[in-house]
Amino acid sequence: MIAAASMIVPFTGAGISTECGIPDFRSPGGLWTRNRPIPFDEFIASREARDESWRRRFAMEATFKAAIPGRGHRALASLYRAGKIPAIITQNIDNLHQASGFADDHVVELHGNTTYARCIGCGLTYDLGWVKERFEATGHAPDCATCEEPVKTATISFGQAMPEEAMRRAAELTGRCDLFIAIGSSLVVWPAAGFPLMAKRAGAQLVIINNEPTEQDDIADLVIRYDIGETLGPFVGN
């Protein structure tokens with residue numbers, strides 16, 4: 001199917017990064033089995049929630065810094081270099097697709113990026129080091145130096161508006177591809193989970209690679225319930 005396709009659009013979730021040491025969310029031992037997600041409205045309303053959000057982020061800092069692209073990332077980057085993949089859509093926030101060789105503007109991040117921070121008021125970006133320095137000095141999450149609104153990782157939390165430009169680009173790519181590969185996503189977080197269905201309706205073939213069943217398996221042309229690194233590994237370097 002990859003050989004026959006003229007335009008492949010991968011859609012990746014947390015499962016592609018577990019090989020890299022980054023835990024997923026819903027599996028046993030995943031992040032959400034240990035910590036309740038902090039919704040956006042709670043982050044805005046509560047200083048305690050903001051402090052806890054940043055405490056969790058810095059607790060994960062060593063994990064994110066140590067992570068390097070896995071076989072799945074490298075395989076997709078090989079297909080990207082070969083001209084099979086024009087861009088990638090991802091629910092992930094770990095920056096590993098960029099690290100694997102995708103140009104920044106060819107990674108469509110539906111849920112943002114945790115490797116830097118942004119003011120939720122004026123949109124000014126901040127290095128995590130700036131945030132950490134102030135967090136450790138005061139014990140509290142810092143506010144923007146320009147407009148004094150809260151500073152948050154550049155990720156999309158539950159209840160936060162989806163990024164309009166990323167959603168538009170994802171829809172455009174999905175509508176044009178002839179092979180859509182959903183990789184390591186539980187396909188339960190909407191609206192992002194709507195893209196495989198959109199691709200299928202537009203006439204693309206749909207492949208789902210995931211260890212666990214998904215609600216969209218029955219519409220897929222091929223379902224591979226197997227390790228992602230093992231499945232995509234043969235494409236690394238091809």
Side-chain angles (χ1 to χ4, degrees), residues 1-27 30 63-115 166 169-170 172-174 176-187 189 192-193 195-196 198-200 204-214 216-217 219-238:
M1 294 167 83
I2 286 174
S6 59
M7 177 177 166
I8 302 168
V9 170
F11 172 90
T12 61
I16 198 171
S17 294
T18 55
E19 178 178 83
C20 312
I22 297 176
D24 65 10
F25 298 95
R26 289 177 176 78
S27 297
T63 298
F64 282 114
K65 277 198 166 176
I68 60 173
R71 289 171 294 176
H73 299 93
R74 300 199 309 273
L76 296 176
S78 292
L79 294 169
Y80 168 69
R81 286 191 296 271
K84 283 281 190 177
I85 294 172
I88 189 166
I89 305 169
T90 187
Q91 295 174 286
N92 295 344
I93 58 174
D94 52 34
N95 211 60
L96 288 177
H97 288 304
Q98 291 91 327
S100 74
F102 279 86
D104 286 353
D105 58 352
H106 291 160
V107 181
V108 181
E109 294 176 317
L110 300 181
H111 296 159
N113 191 307
T114 194
T115 63
R169 288 187 64 205
E172 189 265 338
L173 286 163
T174 299
R176 286 175 45 219
C177 72
D178 55 356
L179 177 60
F180 189 99
I181 310 178
I183 305 163
S185 174
S186 57
L187 300 179
V189 177
F195 289 112
M198 184 188 300
K200 187 70 178 168
Q205 289 186 302
L206 172 62
V207 175
I208 296 176
I209 307 172
N210 200 54
N211 269 335
E212 303 294 326
T214 79
Q216 299 189 38
D217 286 359
I219 67 166
D221 296 278
L222 176 65
V223 176
I224 302 175
R225 244 173 246 158
Y226 194 60
D227 181 83
I228 292 166
E230 291 291 320
T231 301
L232 295 178
F235 294 99
V236 175
N238 284 357

ask   = Can you tell if the side chain of D221 reaches within under 4.5 Å of the side chain of K200, non-hydrogen atoms only?
value = yes
query = More than 12 heavy atoms of other residues, nucleotides or ligands under 6.0 Å from CG of L222: is that the case?
reply = yes
ask   = Is any side-chain heavy atom of P86 less than 4.5 Å from a side-chain heavy atom of M7?
value = yes
query = When rounded to the nearest 0.5 angstrom, what distance separates OG in S186 from CG in N211?
reply = 12.5 Å
key: R81 side, atom CZ; S100 side, atom OG - distance, nearest 0.5 Å   = 7.5 Å
query = Any side-chain heavy atom of P196 within less than 4.5 Å of one from I208?
reply = no
ask   = Should R169 and D105 count as an ion pair when the cut-off is N to O under 4.0 Å?
value = no
query = Looking only at atom types and distance, does a side-chain atom of D178 sit under 3.5 Å from a main-chain N or O of A204, one as donor and one as acceptor?
reply = no
remark   = Rounded to the nearest 0.5 angstrom, the OG1-CD1 distance for T12 and I183 is 6.5 Å
message = Could you check whether any side-chain N or O of R74 sits under 3.5 Å from a backbone N or O of P69, counting only pairs where one atom can act as donor and the other as acceptor?
response = yes
query = How many angstroms lie between atom CG of N95 and atom CG of D104, to the nearest 0.5 angstrom?
reply = 7.0 Å
query = Is T90 close to Q98 at the side-chain level, that is, under 4.5 Å between some pair of heavy atoms?
reply = no
key: CD1 on I89 to CD on E109, rounded to 0.5 Å   = 12.5 Å
message = Once you measure the plane-to-plane angle for F195 and F11, does it fall in the parallel (<30°), tilted (30-60°) or perpendicular (>60°) bin?
response = tilted
task = Just do the side-chain contact (heavy atoms from CB on, under 4.5 Å) check on F64 and T114 with the steps written out, would you?
result = CA-CA 9 Å; F64 282 114; T114 194; 3.8 Å; yes
query = H73 vs H97 aromatic rings, parallel, tilted or perpendicular, using cut-offs 30° and 60°?
reply = tilted
key: For T214 against S185, the heavy-atom pair lying closest together   = CG2-O, 3.7 Å
Heavy-atom pair with the smallest gap, counting every atom of L96 and S17 = CD1-OG, 3.8 Å
key: Nearest-0.5 Å distance that lies between atom CG in L110 and atom CD1 in I93   = 12.5 Å
task = Could you point out which residue of I16, T115, I22 forms a side chain to side chain contact (heavy atoms under 4.5 Å, CB included) with D94?
result = I22
remark   = Closest non-hydrogen contact found for P23 with T63 is CD-CG2, 4.3 Å
request  = Answer yes or no: is there a donor N or O on one side and an acceptor on the other, between the side chain of Q205 and the main chain of A5, under 3.5 Å?
outcome  = no
note = With K84 as partner, the option from L76, L179, I8 fulfilling side chain to side chain contact (heavy atoms under 4.5 Å, CB included) is I8
request  = Compare all side-chain heavy atoms of R225 with those of D217 and state whether any distance is below 4.5 angstrom.
outcome  = yes
task = Just do the side-chain contact (heavy atoms from CB on, under 4.5 Å) check on L173 and H106 with the steps written out, would you?
result = CA-CA 11 Å; L173 286 163; H106 291 160; over 6 Å; no
message = I need the minimum non-hydrogen distance between Q216 and A193, along with the two atoms involved.
response = NE2-O, 2.7 Å
request  = With the side chain counted from C-beta on, respond yes when F235 and I2 share a heavy-atom pair under 4.5 Å apart, and no when they do not.
outcome  = yes
